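Every chain is numbered from 1, with letters handed out A, B, ... down the list of sequences. Everything numeric in this text was worked out from a predicted model, so none of it was measured.
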Protein chains: 2
Amino acid sequence: MTENTINPIKFSLDPKSGVPFYKQIILQVEMAIADKRLVNGDQLPTVRSLAVDLSINPNTVARSYNELEIRGIVHTQQGTGTFISDKVVELDEIKREKVLASISRSFISKAGSYGFTLKEIIEYLQTIEGGKE
Amino acid sequence: MTENTINPIKFSLDPKSGVPFYKQIILQVEMAIADKRLVNGDQLPTVRSLAVDLSINPNTVARSYNELEIRGIVHTQQGTGTFISDKVVELDEIKREKVLASISRSFISKAGSYGFTLKEIIEYLQTIEGGKE
DNA sequence: ATAGTTGTACTAAACTATTAGTACAATAAA
DNA sequence: TTTATTGTACTAATAGTTTAGTACAACTAT
């Protein structure tokens with residue numbers, strides 16, 4: 001009876017990876033957004049259905065969805081479901097740059113602790129970018 | 001009687017930071033190397049002395065030194081002490097690039113999960129680099 | 001050889017993160 | 001209002017990480 005208003009993303013877990021289940025789910029949502037398999041307004045599987053699907057506890061799914069909500073990636077409503085936030089796909093440039101700034105900062109700091117300068121880092125990344133097909 | 005063959009780095013721990021003691025020690029050594037407060041051949045404090053200094057267990061210091069040794073940053077010898085590896089300051093370019101490649105890879109992957117392309121990343125880093133005094 | 005230094009091994013305690021069990025609360029639809 | 005859906009709260013079990021206690025082994029110097 002439910003139309004497929006739900007974009008059928010395939011979730012899967014690798015228990016051997018050492019990556020916590022809830023993080024794997026978050027990553028899969030993020031990646032799906034990144035390559036447009038999920039777009040604004042799309043509904044994620046319900047907490048229960050995904051929990052059954054993956055044979056894990058509903059709370060584990062809920063935790064993933066909660067973190068995604070905190071990051072502003074999804075919004076959630078009891079009785080209705082969890083949906084990709086409109087803002088995400090509108091690509092709010094300000095928020096986007098904040099995210100990039102944040103993860104860049106920690107990367108630069110880490111590289112710096114190994115003695116790399118920002119100049120060196122950029123040069124290295126350019127060799128990668130140039131070298132891809 | 002001991003000359004200061006030991007470069008007197010100041011170690012300090014922040015128990016509230018949530019960062020494990022052994023990681024804080026590693027980071028402080030790495031940073032000291034990065035800005036030349038530690039150079040090749042310099043001796044680190046002995047496991048015991050640093051443990052007393054910081055009021056922590058010798059094993060915690062030893063764990064830090066072990067990780068640093070695995071990374072090739074220090075070498076250690078019983079009865080003698082722990083020293084900054086010559087290779088570190090010779091800046092073994094091959095190993096150096098491997099390190100940069102490794103941390104870059106995880107950064108690129110993380111940024112990618114947020115939908116950023118390598119091109120975008122590089123452009124962003126360049127704005128930072130251009131903007132520093 | 002012997003004494004004093006150094007790092008190391010092994011074990012256990014404390015803490016934290018992760019997941020699950022179970023019951024509940026909010027919303028939507030009839 | 002009732003029923004079925006949705007997400008949530010609270011607790012506990014489990015596993016993993018981190019630190020400490022304690023005793024040991026390697027090496028240097030005398």
Handout entry: Derivation and outcome, side chain to side chain contact (heavy atoms under 4.5 Å, CB included), residues A:I25 and A:L13
Key = CA-CA 8 Å; A:I25 293 172; A:L13 296 179; 4.1 Å; yes
Practice task
Please report the C-alpha distance between B:V19 and B:L27 in whole Å, then the side-chain angles of each, then the deciding distance to 0.1 Å, and finally whether the side chain to side chain contact (heavy atoms under 4.5 Å, CB included) criterion is met.
Solution key: CA-CA 10 Å; B:V19 180; B:L27 222 101; over 6 Å; no
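Within residues 47-57 of chain B, the residues approaching DNA chain C are B:V47, B:R48, by heavy-atom distance under 4.0 Å. Proximity of residues 16-24 of chain A to DNA chain C (heavy atom under 4.0 angstrom from any strand atom) is restricted to A:P20, A:F21, A:Y22, A:K23.
We find that CZ of A:F83 is positioned 10 Å from P of D:dT6, with the value rounded to whole Å. Rounding to whole angstrom units, CD of residue B:Q77 and C1' of D:dA25 are separated by 14 Å. At whole-Å resolution of the value, CD in A:E69 and P in D:dT6 are 17 Å apart. When rounded to the nearest whole Å, the span between NE2 of A:H75 and C1' of D:dG7 equals 13 Å. The CZ-P distance, from B:R63 to D:dT19, rounds to 7 Å in whole Å.
Where DNA chain C meets chain A (any atom under 4.0 Å from a heavy atom), the bounding nucleotides read 5' to 3' are C:dT18 to C:dA28.
Using a 4.5 Å heavy-atom threshold, the side chains of A:V61 and A:T46 count as separate. Put simply, the side chain of A:V39 does not reach to within 4.5 Å of the side chain of A:I84, judged on heavy atoms. Side-chain contact between A:Y124 and A:I121: absent, with no pair of heavy atoms (C-beta onward) separated by less than 4.5 Å. Between A:D53 and A:F11, the closest side-chain pair of non-hydrogen atoms is not below 4.5 Å.
Checking D:dT28, D:dA25, D:dA20 against the side-chain heavy atoms of B:Q78 singles out D:dA25 as nearest. The side chain of B:T60 sits closest to D:dT19 out of D:dC27, D:dG7, D:dT19.
Residues forming a side-chain hydrogen bond (donor to acceptor under 3.5 Å, both in side chains) with A:S12 (at least two apart in sequence, or on another chain): none. Partners of A:Q28 by side-chain hydrogen bond (donor to acceptor under 3.5 Å, both in side chains), not counting sequence neighbours: none found.
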When the side chains of residues 73-83 of chain B are checked against the rest of the protein, which donor-acceptor pairs come out under 3.5 Å, sequence neighbours left out?
residue	atom	partner	partner atom	Å
B:T76	OG1	B:T82	OG1	3.0

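Along DNA chain C, the nucleotide closest to B:T76 and the one closest to A:P58 are compared, and the more 5′ of them pairs with B:T76. Nearest-nucleotide positions on DNA chain D for A:N59 and A:G81 put A:G81 closer to the 5' end.
With rounding to the nearest 0.5 Å, the separation of CG in A:L44 from CG in A:L68 is 7.5 Å.
No donor-acceptor pair under 3.5 Å is formed between the side chain of A:Q126 and the backbone N or O of B:I122.
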